A.B. asks: 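Take this structure first; my questions come after.
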Amino acid sequence: MTKVLIEVDLTQSPYDNENIHNRWHPDIPMAATVKPGEDFILECFDWTGGQILNNDSAEDVRDVDLTQVHFLSGPIGVEGAAPGDLLEVDILDIGTLAGSQWGFNGFFSKQNGGGFLTEHFPEAQKSIWDFNGIYTKSRHIPGVEFAGIIHPGLIGTLPSKKMLDEWNRREKELYDTEPDRVPALCNLPFAKTAHMGRMTGDDKETAAAEGARTVPPREHGGNCDIKDLTKGAKVYFPVYVEGAGLSVGDLHFSQGDGEITFCGAIEMAGWIHLRVKLIKDGMEKYAIKNPIFKPSPLTPNYKDYLIFEGISVDESGKQHYLDVNVAYRQAVLNAIEYMKKFGYSGAQAYSLLGCAPIQAHISGVVDVPNACATLWLPTEIFDFDINPGGEMPKRQPKDEADLPLAKNPPQLKPFEK
Ligand code: ZN
(Lines give C-alpha, C1' and ligand atoms only; values in the text may rest on other atoms or scores of the structure.)
Protein backbone atom coordinates (compact mmCIF):
# COMPACT_ATOMS: atom_id res chain seq x y z
CA MET A 1 0.00 0.00 0.00
CA THR A 2 1.34 3.40 -0.97
CA LYS A 3 1.71 5.67 2.03
CA VAL A 4 -0.27 8.93 2.18
CA LEU A 5 2.40 11.23 3.64
CA ILE A 6 0.26 14.36 3.76
CA GLU A 7 -3.48 14.51 4.31
CA VAL A 8 -5.66 17.59 3.98
CA ASP A 9 -9.08 18.34 5.45
CA LEU A 10 -10.91 20.69 3.06
CA THR A 11 -13.18 21.86 5.90
CA GLN A 12 -10.14 23.22 7.79
CA SER A 13 -7.90 26.22 7.15
CA PRO A 14 -4.60 25.29 5.47
CA TYR A 15 -2.93 27.44 8.16
CA ASP A 16 -3.92 24.74 10.68
CA ASN A 17 -2.05 22.05 8.72
CA GLU A 18 1.68 21.99 9.51
CA ASN A 19 2.48 19.96 6.38
CA ILE A 20 1.45 22.91 4.19
CA HIS A 21 3.44 26.06 3.35
CA ASN A 22 2.96 29.05 1.04
CA ARG A 23 6.44 30.57 0.70
CA TRP A 24 9.83 29.27 -0.51
CA HIS A 25 12.58 29.24 2.11
CA PRO A 26 15.46 26.79 2.80
CA ASP A 27 14.67 26.63 6.54
CA ILE A 28 11.14 25.22 6.18
CA PRO A 29 11.41 21.82 7.93
CA MET A 30 10.70 18.65 5.94
CA ALA A 31 7.12 17.47 6.46
CA ALA A 32 8.29 13.88 5.88
CA THR A 33 11.35 12.06 4.55
CA VAL A 34 11.53 9.22 2.04
CA LYS A 35 14.25 7.02 0.58
CA PRO A 36 15.26 7.15 -3.10
CA GLY A 37 13.04 4.76 -5.04
CA GLU A 38 10.05 5.19 -2.73
CA ASP A 39 6.63 6.25 -3.94
CA PHE A 40 4.09 8.17 -1.86
CA ILE A 41 0.87 10.18 -2.07
CA LEU A 42 0.39 13.81 -1.07
CA GLU A 43 -3.02 15.40 -0.72
CA CYS A 44 -3.30 19.06 -1.73
CA PHE A 45 -5.59 22.00 -1.10
CA ASP A 46 -6.61 23.99 -4.16
CA TRP A 47 -4.12 26.81 -4.67
CA THR A 48 -6.26 29.39 -2.81
CA GLY A 49 -6.90 27.12 0.17
CA GLY A 50 -10.65 27.03 -0.34
CA GLN A 51 -11.31 30.73 -0.98
CA ILE A 52 -13.29 30.02 -4.18
CA LEU A 53 -16.66 28.29 -3.81
CA ASN A 54 -18.85 26.13 -6.06
CA ASN A 55 -21.59 28.73 -6.64
CA ASP A 56 -22.77 31.27 -9.25
CA SER A 57 -21.16 34.42 -7.84
CA ALA A 58 -17.74 35.83 -8.80
CA GLU A 59 -17.41 37.94 -5.65
CA ASP A 60 -15.04 35.37 -4.16
CA VAL A 61 -12.71 35.72 -7.18
CA ARG A 62 -12.96 39.52 -6.96
CA ASP A 63 -12.16 39.56 -3.23
CA VAL A 64 -9.57 36.75 -3.11
CA ASP A 65 -6.57 37.32 -0.82
CA LEU A 66 -3.70 36.71 -3.23
CA THR A 67 -1.05 37.17 -0.53
CA GLN A 68 -2.10 33.75 0.82
CA VAL A 69 -1.32 31.72 -2.30
CA HIS A 70 -0.15 29.11 -3.23
CA PHE A 71 -0.75 26.50 -0.52
CA LEU A 72 1.76 23.70 -1.15
CA SER A 73 2.07 20.21 0.31
CA GLY A 74 5.56 19.44 1.58
CA PRO A 75 8.46 19.81 1.64
CA ILE A 76 9.35 16.13 1.26
CA GLY A 77 12.93 15.30 2.15
CA VAL A 78 14.83 12.64 0.19
CA GLU A 79 17.53 10.73 2.09
CA GLY A 80 20.99 11.33 0.67
CA ALA A 81 20.00 14.24 -1.60
CA ALA A 82 22.71 16.92 -1.65
CA PRO A 83 23.17 20.22 -3.48
CA GLY A 84 24.22 19.55 -7.08
CA ASP A 85 22.18 16.36 -7.41
CA LEU A 86 19.22 15.89 -9.70
CA LEU A 87 15.93 14.77 -8.20
CA GLU A 88 14.08 12.51 -10.63
CA VAL A 89 10.33 12.68 -9.98
CA ASP A 90 7.82 10.36 -11.61
CA ILE A 91 4.29 11.76 -11.57
CA LEU A 92 2.56 8.39 -11.25
CA ASP A 93 -1.03 9.55 -10.92
CA ILE A 94 -3.25 12.47 -9.90
CA GLY A 95 -6.87 12.46 -8.79
CA THR A 96 -9.68 14.28 -7.05
CA LEU A 97 -10.70 13.97 -3.41
CA ALA A 98 -13.98 12.29 -2.48
CA GLY A 99 -16.72 14.91 -2.28
CA SER A 100 -14.72 17.43 -4.31
CA GLN A 101 -15.34 16.51 -7.96
CA TRP A 102 -15.36 20.05 -9.25
CA GLY A 103 -13.00 22.88 -10.10
CA PHE A 104 -12.99 26.58 -10.92
CA ASN A 105 -11.60 28.97 -13.49
CA GLY A 106 -11.78 32.74 -13.41
CA PHE A 107 -10.34 36.09 -14.27
CA PHE A 108 -9.19 38.37 -11.49
CA SER A 109 -10.34 41.95 -11.20
CA LYS A 110 -7.80 44.31 -12.71
CA GLN A 111 -7.54 45.86 -9.20
CA ASN A 112 -6.73 42.50 -7.61
CA GLY A 113 -4.46 40.31 -9.70
CA GLY A 114 -5.37 41.15 -13.29
CA GLY A 115 -4.38 38.72 -16.05
CA PHE A 116 -3.31 38.27 -19.65
CA LEU A 117 -6.34 40.11 -21.11
CA THR A 118 -7.15 42.28 -18.08
CA GLU A 119 -7.64 45.38 -20.29
CA HIS A 120 -10.45 43.52 -22.12
CA PHE A 121 -11.88 41.72 -19.06
CA PRO A 122 -11.23 44.09 -16.11
CA GLU A 123 -13.90 42.65 -13.80
CA ALA A 124 -13.79 39.38 -11.89
CA GLN A 125 -15.62 36.45 -13.51
CA LYS A 126 -15.73 32.73 -12.82
CA SER A 127 -16.74 29.43 -14.36
CA ILE A 128 -17.36 26.21 -12.43
CA TRP A 129 -16.43 22.83 -13.94
CA ASP A 130 -17.91 19.48 -12.95
CA PHE A 131 -15.75 16.36 -13.30
CA ASN A 132 -17.05 13.07 -14.60
CA GLY A 133 -14.10 10.67 -14.61
CA ILE A 134 -11.63 12.05 -17.14
CA TYR A 135 -14.20 14.45 -18.64
CA THR A 136 -15.33 17.89 -17.59
CA LYS A 137 -17.98 20.42 -18.55
CA SER A 138 -19.24 23.71 -17.18
CA ARG A 139 -22.76 24.96 -16.51
CA HIS A 140 -21.41 28.41 -17.48
CA ILE A 141 -20.12 27.44 -20.95
CA PRO A 142 -22.59 25.34 -22.99
CA GLY A 143 -21.76 23.20 -26.01
CA VAL A 144 -18.41 21.88 -24.87
CA GLU A 145 -17.01 18.86 -23.02
CA PHE A 146 -13.45 17.53 -23.00
CA ALA A 147 -10.94 15.17 -21.41
CA GLY A 148 -8.71 16.97 -18.92
CA ILE A 149 -4.91 16.97 -18.96
CA ILE A 150 -4.50 16.69 -15.20
CA HIS A 151 -1.25 18.08 -13.74
CA PRO A 152 0.31 20.06 -10.89
CA GLY A 153 0.61 23.75 -11.79
CA LEU A 154 3.31 24.08 -9.18
CA ILE A 155 6.07 21.64 -8.20
CA GLY A 156 9.64 22.36 -7.18
CA THR A 157 12.52 21.98 -4.74
CA LEU A 158 13.58 24.28 -1.89
CA PRO A 159 16.06 27.03 -2.83
CA SER A 160 19.37 27.53 -1.02
CA LYS A 161 19.72 30.74 1.00
CA LYS A 162 22.02 32.14 -1.68
CA MET A 163 19.46 31.43 -4.39
CA LEU A 164 16.61 32.87 -2.31
CA ASP A 165 18.58 36.08 -1.75
CA GLU A 166 19.21 36.34 -5.49
CA TRP A 167 15.48 35.89 -6.27
CA ASN A 168 14.57 38.61 -3.79
CA ARG A 169 17.27 40.95 -5.12
CA ARG A 170 16.34 40.70 -8.79
CA GLU A 171 12.57 40.83 -8.22
CA LYS A 172 12.85 43.89 -5.95
CA GLU A 173 14.93 45.59 -8.64
CA LEU A 174 12.14 44.99 -11.18
CA TYR A 175 9.41 46.01 -8.72
CA ASP A 176 11.16 49.31 -8.00
CA THR A 177 11.07 50.33 -11.66
CA GLU A 178 7.30 50.91 -11.32
CA PRO A 179 6.29 50.49 -7.66
CA ASP A 180 2.79 51.94 -8.08
CA ARG A 181 1.76 49.73 -10.99
CA VAL A 182 -1.64 47.97 -10.80
CA PRO A 183 -1.37 45.01 -11.04
CA ALA A 184 2.16 44.95 -9.61
CA LEU A 185 5.13 43.89 -11.74
CA CYS A 186 5.86 41.11 -9.24
CA ASN A 187 5.04 40.04 -5.68
CA LEU A 188 7.61 40.73 -2.95
CA PRO A 189 7.86 38.83 0.37
CA PHE A 190 4.91 39.50 2.69
CA ALA A 191 5.24 38.15 6.21
CA LYS A 192 1.69 38.65 7.50
CA THR A 193 0.08 35.83 5.54
CA ALA A 194 3.14 33.57 5.29
CA HIS A 195 2.59 29.93 6.27
CA MET A 196 6.00 28.43 6.98
CA GLY A 197 4.99 24.84 7.66
CA ARG A 198 5.93 23.74 11.17
CA MET A 199 8.25 26.67 11.88
CA THR A 200 7.54 28.66 15.06
CA GLY A 201 8.87 31.61 17.05
CA ASP A 202 11.65 33.94 15.94
CA ASP A 203 12.88 31.53 13.27
CA LYS A 204 9.47 31.66 11.68
CA GLU A 205 9.28 35.46 11.83
CA THR A 206 12.69 35.82 10.17
CA ALA A 207 11.94 33.29 7.44
CA ALA A 208 8.44 34.71 6.80
CA ALA A 209 9.89 38.18 6.19
CA GLU A 210 12.19 36.91 3.41
CA GLY A 211 10.38 33.84 2.09
CA ALA A 212 9.86 34.10 -1.66
CA ARG A 213 6.32 34.25 -2.98
CA THR A 214 5.19 31.25 -4.98
CA VAL A 215 3.79 33.14 -7.98
CA PRO A 216 6.56 32.91 -10.61
CA PRO A 217 8.38 29.89 -12.00
CA ARG A 218 12.07 30.01 -11.10
CA GLU A 219 15.24 27.89 -11.46
CA HIS A 220 13.84 25.21 -9.11
CA GLY A 221 10.65 24.74 -11.14
CA GLY A 222 7.87 26.23 -9.04
CA ASN A 223 4.78 27.71 -10.65
CA CYS A 224 5.56 26.70 -14.24
CA ASP A 225 1.94 25.86 -15.15
CA ILE A 226 3.09 23.38 -17.79
CA LYS A 227 0.05 21.31 -18.73
CA ASP A 228 2.30 18.52 -20.03
CA LEU A 229 3.62 17.71 -16.53
CA THR A 230 0.67 15.34 -16.47
CA LYS A 231 0.34 11.90 -14.90
CA GLY A 232 2.99 9.72 -16.51
CA ALA A 233 5.53 12.53 -16.95
CA LYS A 234 9.01 12.38 -15.41
CA VAL A 235 10.68 15.58 -14.19
CA TYR A 236 14.32 16.21 -13.22
CA PHE A 237 14.72 18.95 -10.61
CA PRO A 238 17.93 20.66 -9.48
CA VAL A 239 18.75 20.08 -5.78
CA TYR A 240 19.95 23.10 -3.78
CA VAL A 241 19.63 21.97 -0.12
CA GLU A 242 20.34 18.79 1.86
CA GLY A 243 17.32 16.52 1.39
CA ALA A 244 16.10 18.44 -1.72
CA GLY A 245 12.69 19.41 -0.20
CA LEU A 246 10.08 18.70 -2.87
CA SER A 247 6.78 20.58 -2.61
CA VAL A 248 3.72 20.45 -4.84
CA GLY A 249 0.30 22.04 -5.17
CA ASP A 250 -1.96 24.07 -7.47
CA LEU A 251 -3.42 20.92 -9.05
CA HIS A 252 -5.19 21.50 -12.36
CA PHE A 253 -7.82 19.22 -13.89
CA SER A 254 -7.00 20.81 -17.23
CA GLN A 255 -5.36 23.92 -18.68
CA GLY A 256 -4.65 25.56 -22.02
CA ASP A 257 -1.04 26.54 -22.75
CA GLY A 258 -0.26 29.89 -21.15
CA GLU A 259 -2.86 29.59 -18.34
CA ILE A 260 -4.09 32.87 -19.84
CA THR A 261 -7.01 33.40 -17.46
CA PHE A 262 -4.62 33.43 -14.42
CA CYS A 263 -7.32 32.33 -11.90
CA GLY A 264 -6.16 30.02 -13.27
CA ALA A 265 -6.63 26.71 -15.13
CA ILE A 266 -9.41 24.40 -13.90
CA GLU A 267 -8.26 24.61 -10.28
CA MET A 268 -8.91 21.74 -7.90
CA ALA A 269 -8.04 20.13 -4.60
CA GLY A 270 -6.82 16.54 -4.95
CA TRP A 271 -4.00 14.06 -4.49
CA ILE A 272 -0.80 13.30 -6.35
CA HIS A 273 1.17 10.03 -6.39
CA LEU A 274 4.92 10.55 -6.82
CA ARG A 275 8.12 8.48 -6.91
CA VAL A 276 11.56 10.00 -6.36
CA LYS A 277 15.07 8.91 -7.31
CA LEU A 278 18.46 10.64 -7.22
CA ILE A 279 21.11 11.24 -9.85
CA LYS A 280 24.20 12.17 -7.85
CA ASP A 281 25.97 15.31 -9.12
CA GLY A 282 23.48 15.41 -11.99
CA MET A 283 23.31 19.19 -12.25
CA GLU A 284 26.89 19.55 -13.46
CA LYS A 285 26.90 16.25 -15.35
CA TYR A 286 23.97 17.36 -17.55
CA ALA A 287 24.44 21.16 -17.33
CA ILE A 288 21.06 21.60 -15.61
CA LYS A 289 20.04 25.15 -14.71
CA ASN A 290 16.25 24.72 -14.93
CA PRO A 291 14.24 21.47 -14.68
CA ILE A 292 13.93 19.19 -17.69
CA PHE A 293 11.16 16.63 -18.19
CA LYS A 294 9.86 13.72 -20.26
CA PRO A 295 6.22 13.74 -21.40
CA SER A 296 3.56 11.23 -20.40
CA PRO A 297 2.48 8.37 -22.67
CA LEU A 298 -1.09 9.47 -21.80
CA THR A 299 -2.50 12.74 -23.15
CA PRO A 300 -5.92 13.71 -24.49
CA ASN A 301 -5.97 12.41 -28.05
CA TYR A 302 -7.33 15.43 -29.93
CA LYS A 303 -6.06 15.44 -33.49
CA ASP A 304 -8.04 18.14 -35.27
CA TYR A 305 -7.38 21.80 -34.53
CA LEU A 306 -8.42 25.20 -35.79
CA ILE A 307 -5.28 27.33 -35.52
CA PHE A 308 -5.25 31.09 -35.01
CA GLU A 309 -2.23 33.21 -35.95
CA GLY A 310 -1.13 36.38 -34.18
CA ILE A 311 1.65 38.86 -34.91
CA SER A 312 3.39 41.46 -32.75
CA VAL A 313 1.13 44.38 -33.72
CA ASP A 314 -1.10 45.21 -30.77
CA GLU A 315 -4.82 46.07 -30.57
CA SER A 316 -4.13 49.79 -31.11
CA GLY A 317 -2.11 49.09 -34.26
CA LYS A 318 1.25 49.76 -32.59
CA GLN A 319 4.21 47.88 -34.02
CA HIS A 320 6.27 45.88 -31.48
CA TYR A 321 9.67 44.34 -32.20
CA LEU A 322 9.58 40.50 -32.16
CA ASP A 323 7.42 40.50 -29.02
CA VAL A 324 6.02 36.98 -28.58
CA ASN A 325 3.76 38.07 -25.72
CA VAL A 326 2.02 40.63 -27.96
CA ALA A 327 1.81 38.12 -30.82
CA TYR A 328 0.20 35.46 -28.65
CA ARG A 329 -2.27 37.96 -27.23
CA GLN A 330 -3.39 38.73 -30.78
CA ALA A 331 -3.82 35.01 -31.52
CA VAL A 332 -5.98 34.69 -28.38
CA LEU A 333 -8.06 37.76 -29.25
CA ASN A 334 -8.55 36.44 -32.80
CA ALA A 335 -9.80 33.10 -31.40
CA ILE A 336 -12.20 34.89 -29.01
CA GLU A 337 -13.68 37.05 -31.79
CA TYR A 338 -14.14 33.94 -33.95
CA MET A 339 -15.88 32.01 -31.15
CA LYS A 340 -18.23 34.96 -30.51
CA LYS A 341 -19.63 34.37 -34.01
CA PHE A 342 -20.77 30.95 -32.76
CA GLY A 343 -22.85 32.42 -29.95
CA TYR A 344 -20.32 32.53 -27.12
CA SER A 345 -19.79 35.62 -25.00
CA GLY A 346 -16.23 36.96 -24.91
CA ALA A 347 -15.92 35.78 -21.31
CA GLN A 348 -17.05 32.25 -22.19
CA ALA A 349 -14.52 32.06 -25.01
CA TYR A 350 -11.69 33.47 -22.86
CA SER A 351 -12.45 31.06 -20.02
CA LEU A 352 -12.59 28.08 -22.36
CA LEU A 353 -9.18 28.99 -23.84
CA GLY A 354 -7.75 29.00 -20.32
CA CYS A 355 -9.26 25.60 -19.46
CA ALA A 356 -9.37 23.31 -22.50
CA PRO A 357 -6.22 21.53 -23.76
CA ILE A 358 -5.41 24.24 -26.29
CA GLN A 359 -1.83 24.49 -27.53
CA ALA A 360 0.31 27.59 -27.95
CA HIS A 361 3.22 27.56 -30.37
CA ILE A 362 5.91 30.10 -31.04
CA SER A 363 6.50 30.26 -34.76
CA GLY A 364 8.88 32.87 -36.20
CA VAL A 365 11.01 34.99 -33.87
CA VAL A 366 13.41 36.30 -36.52
CA ASP A 367 11.26 37.90 -39.23
CA VAL A 368 11.66 41.51 -38.19
CA PRO A 369 9.68 43.28 -36.91
CA ASN A 370 6.94 40.69 -36.31
CA ALA A 371 7.03 37.65 -34.08
CA CYS A 372 4.37 35.07 -34.97
CA ALA A 373 2.54 32.92 -32.42
CA THR A 374 -0.32 30.47 -32.91
CA LEU A 375 -3.18 29.19 -30.75
CA TRP A 376 -4.41 25.65 -31.49
CA LEU A 377 -8.08 25.13 -30.64
CA PRO A 378 -9.15 21.44 -30.58
CA THR A 379 -12.35 21.23 -32.65
CA GLU A 380 -13.51 17.87 -31.22
CA ILE A 381 -14.34 19.35 -27.81
CA PHE A 382 -17.41 21.14 -29.25
CA ASP A 383 -20.78 19.45 -29.77
CA PHE A 384 -21.18 21.40 -33.06
CA ASP A 385 -18.98 22.09 -36.10
CA ILE A 386 -16.81 25.10 -35.28
CA ASN A 387 -14.92 25.06 -38.57
CA PRO A 388 -15.39 27.73 -41.26
CA GLY A 389 -17.87 26.60 -43.91
CA GLY A 390 -19.91 24.42 -41.57
CA GLU A 391 -23.46 25.16 -40.54
CA MET A 392 -23.33 27.64 -37.65
CA PRO A 393 -25.42 26.62 -34.62
CA LYS A 394 -28.85 28.22 -34.33
CA ARG A 395 -28.54 27.94 -30.58
CA GLN A 396 -26.96 30.96 -28.99
CA PRO A 397 -25.08 29.55 -25.99
CA LYS A 398 -24.60 32.99 -24.43
CA ASP A 399 -28.37 33.27 -24.04
CA GLU A 400 -28.45 30.11 -21.93
CA ALA A 401 -25.78 30.87 -19.35
CA ASP A 402 -22.83 33.18 -18.96
CA LEU A 403 -20.01 33.55 -16.51
CA PRO A 404 -21.03 35.23 -13.25
CA LEU A 405 -19.47 38.71 -13.06
CA ALA A 406 -18.70 40.68 -9.89
CA LYS A 407 -19.03 44.44 -10.26
CA ASN A 408 -17.69 47.03 -7.79
CA PRO A 409 -14.12 47.26 -6.53
CA PRO A 410 -12.63 44.35 -4.58
CA GLN A 411 -13.59 44.23 -0.89
CA LEU A 412 -10.44 42.86 0.70
CA LYS A 413 -11.14 41.49 4.12
CA PRO A 414 -8.58 41.84 6.92
CA PHE A 415 -6.53 38.67 7.30
CA GLU A 416 -7.51 36.57 10.29
CA LYS A 417 -5.69 33.47 11.27
ZN1 ZN B 1 -3.34 26.98 -10.78
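All ligand and atom numbering here is 1-based and tracks the order in the structure. Fair warning: this is a prediction, and the values are worked out from it, not measured in the lab. The basis for the numbers below is simple: all heavy atoms, side chains too, and nothing from hydrogens, waters or symmetry mates.
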A.B. asks: Could you tell me whether the Zn ion (ligand 1) has an N, O or S atom of His70 under 2.8 Å away?
C.D. replies: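 It does not; every qualifying atom lies at 2.8 Å or beyond.
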A.B. asks: With sequence neighbours left out, what residues match Ser138 under side chain to side chain donor-acceptor pair (under 3.5 Å)?
C.D. replies: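 Expected list: none.
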A.B. asks: Let me know which of Val89, Asp39, Ile76 forms a side chain to side chain contact (heavy atoms under 4.5 Å, CB included) with Val276.
C.D. replies: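 Exactly one pass, corresponding to Val89.
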A.B. asks: Just to verify, what does Glu337 make a salt bridge (Lys or Arg N to Asp or Glu O under 4.0 Å) with, not counting sequence neighbours?
C.D. replies: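 Salt bridge (Lys or Arg N to Asp or Glu O under 4.0 Å) list for Glu337, sorted by chain: Lys340.
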A.B. asks: Closer than 2.8 Å to the Zn ion (ligand 1): does that hold for any N, O or S atom in Asp250?
C.D. replies: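 Within the cut-off used here (under 2.8 Å), Asp250 does place an N, O or S atom near the Zn ion (ligand 1).
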A.B. asks: Nearest 10°: the angle subtended at the Zn ion (ligand 1) by Glu267 OE2 and His252 NE2?
C.D. replies: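 Centred on the Zn ion (ligand 1), the OE2/NE2 angle is 90° (to 10°).
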A.B. asks: Would Asn387 and Asp385 count as a side-chain hydrogen bond (donor to acceptor under 3.5 Å, both in side chains) if you check the C-alpha gap in whole Å, the side-chain angles of each, and the deciding distance to 0.1 Å?
C.D. replies: CA-CA 6 Å; Asn387 292 293; Asp385 182 2; 2.9 Å; yes
